[in-house]
Student: 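What follows is a single structure, and I will ask about it in a moment.
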Amino acid sequence: MEKKKLYPENSNGKNKINRRIFLTSIGNTATGIVLLGSFGVTLEYLSPNVLLEIPKIFKVGPVNSIQPNSIIYEPEQRTFVIRDEQGYFYALSAVCTHLGCTTKWNDSGAAGNPNAVISCPCHGSLFNKRGEVIQGPAIRALDKYRIQLEEDKLVINTAEKVSEDEMILKV
Amino acid sequence: MKILNWLAQTKIWQSIFRTKLPISTNLDKSLVIFNSLTLHIHPVKVRLRAIKFSYTFYLGMISFFLFVLLIVTGILLMLYYQPAIPHAYNNMKDLEFVVSNGSYLRNMHRWSAHLMVITVFLHMLRVFYKGAYKPPREFNWIIGIVLLIITLLLSYTGYLLPYDQLSYWAVTVGTNIVQYIPIAGEKIRFLLLGGNEIGEYTLVRFYVLHCVILPLFMVLLIALHFWRIRKDGGLS
Amino acid sequence: MNLNRLKILYAVISIIFLLALAVSPLKNYFKAWRNIQNNFNETVEKLPQKVKPVSIGLKQIWVADLDRIDRCTTCHLGIDNSKLESAPQPFKPHSKIYHDIEKFGCTICHEGQGLATEYDAVHLPTEFWDRPLLPKKYIQSSCGKCHINEKLNSTHLLNFGKELIADLNCTGCHNIPGIEKNFVPLLDGIGSKVIDRNWLVNWLKDPAKIQPDTKMPDFLLTDSEVETLADFLMSFKSFRNGITLDALPDVYYKNKDEEDFIMLGQTRFREARCISCHAIEGKGGKLAPDLFKTASKIKDTWIYNYVKNPKKLQPEVEMPQYGFSDEEAAAITAYIESEFVDWDDEEETGSVHTPLADFYEKGLALFNKYNCGGCHQLSAKGINQNAGPDLSEIGSKKIYQIDWGKTNVTHTVYDYIETKVRSPREFGGNTRMPKYNLTERKVEAITTYLLSLKEEKLPVNFIHPADKKTESSLQGKVGKIFDRYACLKCHSLNDSGGSIAPDLTIVSSQLNTDWLRAYFKIPFTIRPIVEERMPNLFISNEEIEILLNYFNTVLLDDNLSTPINWAVDKKSEERGASLFYERYGCQSCHIIEGKGGYVGPPLDEAGSRLKPGWIYNWLMNPQKFKPETIEPRTEMPEQDALDITAFIMSLKKTDK
């Protein structure tokens, strides 16, 4: 092709340059938006809208079938549901606060300590029946979940962690 | 611009791009092309005629672009796909109905695949009618044919993955065609299906072929194809 | 190269890409379910009841056990909220629900594409989903997937469908699990039974024309097929196992036109309550064929032999063998001959029919083609079972496996079954299924049952099979008597047998032996509103004693003995009477001395009929013995029950 067209200098050519710049900028802008947009579309695509996870809320009961001073372990939700001597209920997470292993409940206690009913098999953390740390490496007490009474069943919501004052359900 | 110039002087830039800026002489210009992986697909000097749209219709490049698009969308689709009989079809439904942009990406993958078959074929026709298969390019023509076959195989193996009636019967028919290969036919069919009829193994085999083995060969052959274009004297 | 054109190409392509990219987010934003959820929140705001608005987003029920994911609740937002009764669809709550939605999901019963979130894909038949939403009329078929043979009250259509399939003997040609074959007459000796070949020709042409309630379907045979088949059947003159017919006694020929003799036959016919099972011109029971026009169809010798001993000619028939004497049987024959005649029957033309030379081979071929042998037994060489398709998994039939012929039926399994049941030859000329004259309700019932026969494997803990019936076959003398009088056709024993008459499992703990003895002799009805009555079977005294002995030793429940602290005295009786009439108001259902309701059995003379232990236990918990009884469980105190028992026991038969 002729060099003239690549570097036109007459007034007609100037228009051509303007049009060329215009077209280029349109193209560049659109391409930019497309690139950014496809990034956004991909990000949106990557976060699932529906999940196949076990429900956060589960039911235990009926209440009268649970003896005082007993525990129920829910392996799927990794939760201890405890009825204490007074007949009150509370729910403790069985997930060790150290590195997330599943703790075990042993009525006779562990490591010679009768109070250490909850023990972690991974690194030997011990907790008492209220979930408080007796021995490290865990430094934080076990999580407590909201527990409520609905008709004659206990409803435990593992999405809702509560403080020590709220954890007890008096029946 | 100043920053760019400064950047071009740094050791890091130069170690990566091996090009000294600013470019002033023709030698510098040719070195830019010569030293770049992506640009040296063309020889240093190209006849203007050869890069005209009406000369090649950019069919090879469009095919390559579609291939890249297929790889990107394909990888994204793999994230929501499980190659197992009870899940495969349900995963399709999930992509269609509940994953954001899922059906968009899936459609893109599908239409790109169709288009790629078409453009690869047109590309071949163009090469044929322009006589571009003649020596010294005869081996590249062969590579091109192999690439076409791999493209078709990719289409075919991808067809089973949704695991619906269409795919099931397409694969049944296809693998029965394979059976007619003399001597080894039965064995090849058995290996392809991972059994005597379509089942869990078949799905996984087709999945691995579609997502790993065939694309790998495709990439290697495309590289060879491009390299030969340059070595055989550029576009013709 | 014109760079301008290249730039234009660049700009245009970029913009095309931009537009193409914009499609997806826009489509996502305008999804119908989003609109519906917003709509829900607006609707809920206007309602007087307080209902929480939902957060916008996809919702689903994941039932891991059944491997199902149902996204129906994305739009059906009020499915478990009774406050939304007045809300418009799709927000209405589910009608009375038997199962926990979280545990079962939706599509396990309703079918449809639970994974989808667009109306058409979810509900309608589409190319990509074989199982569209099940129409409401067939919903009970889904109950039948787990509740196998359970006969729940709420699945009346399903139960009815199963009864119909058994009744119409579909299993003669099709394999349908859990359904027994019915009695169908065997055809040996039919040439000696039927008076006139023309009758057989007319029968084969259209059985319902001769007998409207017949179970024999119309095979839509051509005239030549009918002629050949009639010739073929008429050629079977001898009975099975070399049985020959007893000749009618002389008394028959002497007296058959005498009024007294016919009257005797009529009296026995009435006492035996033949019409409990056999209708006459459509009036009477439906268990056995209508006897109207019988005399124009069957030879008198055959009738006589059959009345005397039905099982001799038809070994599997359920008709009891009455204890008639030869004379009585002959009288009944005479009565039938005089009464049940088709007066419209054309006089025989007298022309002699000569069958074709190869009628036997052709007839046999037709007999096999239409699988007559699937229902009727016939001892002839060369009869093959030529059954129809296996229906044990018909409900899961794949759409592409169905031959739709030239019909324009919607391509769904339920439409296919429904059409096939209604008009069997609809899908092509070479199908051989006969035509049944079914009402729409019957078509629906049969379709519902067939749809419940699914291939899918549900987890064992979901399946509720009814307890397998233990076929109680009684041995020895008692067994023979039970067999002869077909007791278990009406009565049941240990959960097997008929459902027409009361269960006999603990009969001896319920009924007084003396009362039973008298009842065998002259059965009468206890409940005036019940149509079915116990027939007088003319059981001999000896047989009655055997039966009573068996009842008293086996058919009782030791837990039902008279309560220890039950003492009869006037005071207790009086207190019982006042409890009966005032406290519990029993007279609203039970009659005593002509006063009271008609729902329960009258209690006059109940003291002679029932045993006190039974009355007491029944009063304490009627449903324990008869789960479907409507007598309320009043939870009365023990003393009340004892007193009422005393009162009822005082209602003895008095010889007036």
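This structure is a prediction, so every number in the text was calculated from the model and none was measured.
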Student: Other residues, nucleotides and ligands only: do more than 12 of their heavy atoms fall within 6.0 Å of CD on C:Glu127?
Tutor: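 Check fails, neighbour count at 12 or below.
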Student: Assess the pair B:Tyr163 and B:Tyr89: is the distance between their ring centroids shorter than 6.0 Å?
Tutor: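 Not under 6.0 Å, so no.
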Student: Most heavy-atom pairs under 4.5 angstrom with chain B, which of C:Lys398, C:Gln113, C:Lys27?
Tutor: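 Heavy-atom pairs under 4.5 Å are most numerous for C:Gln113.
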Student: Heavy-atom distance under 4.5 Å to chain B: side chain of C:Ala20, backbone, both or neither?
Tutor: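 Both parts, heavy atoms under 4.5 Å.
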Student: Can you tell which part of C:Leu115 gets under 4.5 Å to a heavy atom of chain B, answering side chain, backbone, both or neither?
Tutor: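 Both backbone and side chain.
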Student: Search all heavy atoms of B:Leu192 against all heavy atoms of B:Thr175 and return the closest pair with its distance.
Tutor: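 Looks like CD1-CG2, 4.3 Å.
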Student: Please check if the side chain of B:Arg205 supplies one atom and the backbone of B:Glu200 the other of a donor-acceptor pair under 3.5 Å.
Tutor: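 Flag not set: sc B:Arg205 to bb B:Glu200 has no pair under 3.5 Å.
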Student: Under a 4.5 Å heavy-atom cut-off, does chain B meet the side chain of C:Gln60, its backbone, both or neither?
Tutor: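 For C:Gln60, neither part sits under 4.5 Å from chain B.
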Student: Could you tell me whether C:Arg68 and C:Glu456 have a side-chain N and a carboxylate O separated by less than 4.0 Å?
Tutor: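 Yes.
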Student: Are any of the side-chain nitrogens in C:Lys145 or C:Glu455 under 4.0 Å away from the carboxylate oxygens of its partner?
Tutor: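 The answer is no: the pair does not qualify as a salt bridge.
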Student: If we define contacts as heavy-atom pairs under 4.5 Å, which of C:Thr74, C:Leu21, C:Asp130 has the most with chain B?
Tutor: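 Maximum pair count with chain B is reached by C:Leu21.
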Student: Specify which of C:Leu58, C:Asn28, C:Val23 makes the most heavy-atom pairs with chain B at under 4.5 Å.
Tutor: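 Of C:Leu58, C:Asn28, C:Val23, C:Leu58 has the most heavy-atom pairs under 4.5 Å with chain B.
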Student: Heavy-atom cut-off 4.5 Å, strictly under: side chain, backbone, both or neither for C:Tyr400 against chain B?
Tutor: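 The answer is the side chain of C:Tyr400.
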